[in-house]
Amino acid sequence: MTSQLTAARLIDKNVHLTWVSGGPELVVSLFWLRDNCQEVTSQHPDTKQRLVDTFNISPAISALVKIENNGQQLAVEWSNNDPVSHFDS
């Protein structure tokens, strides 16, 4: 069972997540989210090996963030036109 997200705020290069349960806010960097994306374009579906080269992620990374599926997912739309990343809450 996942926790339901209530807000996703982008501050500088970090995403601040808050929960319906009132649990502590989670702060995750955009760099970490891009590096740990599990979409099929970013991670091999069988071996789970990363397909994104960490050293090619720009330090100037930027994105738009939103909550989807009634608070069950965080969606990250990358400004460099990489595919949208989805993370279960």
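Index from 1, following the sequence.
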Return yes if a side-chain donor-acceptor contact under 3.5 Å exists between [X] and [Y], otherwise no.
| X | Y | value |
| --- | --- | --- |
| T6 | W19 | no |
| N14 | D12 | no |
| R34 | T54 | no |
| N36 | R50 | yes |

What residues form a side-chain hydrogen bond (donor to acceptor under 3.5 Å, both in side chains) with [X], not counting sequence neighbours?
| X | answer |
| --- | --- |
| S21 | none |
| S29 | none |
| E68 | H86 |

What closest approach, in Å, do [X] and [Y] show between heavy atoms, and which atom pair accounts for it?
| X | Y | answer |
| --- | --- | --- |
| A75 | V84 | CB-CG1, 4.3 Å |
| T18 | E25 | CG2-OE2, 3.8 Å |
| W78 | S85 | NE1-OG, 2.8 Å |
| A8 | L17 | CB-CD2, 3.7 Å |

Hey, could you give me the [atom1]/[atom2] distance between [X] and [Y], rounded to the nearest 0.5 Å?
| X | Y | atom1 | atom2 | result |
| --- | --- | --- | --- | --- |
| Q73 | K66 | CD | NZ | 11.0 Å |
| D88 | Q38 | CG | CD | 8.5 Å |
| D35 | L30 | CG | CG | 12.5 Å |

According to a hydrophobic-cluster definition based on side-chain heavy atoms being under 4.5 Å apart (Ile, Leu, Val, Met, Phe, Trp, Tyr only), do L33 and L64 belong together?
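As far as the 4.5 Å side-chain criterion goes, L64 and L33 are not connected within one cluster.
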
Donor-acceptor under 3.5 Å (S79 side chain, S62 main chain)
yes

Is a side-chain donor or acceptor of Q4 paired with a backbone partner of N70 at a separation under 3.5 angstrom?
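It does hold such a pair.
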
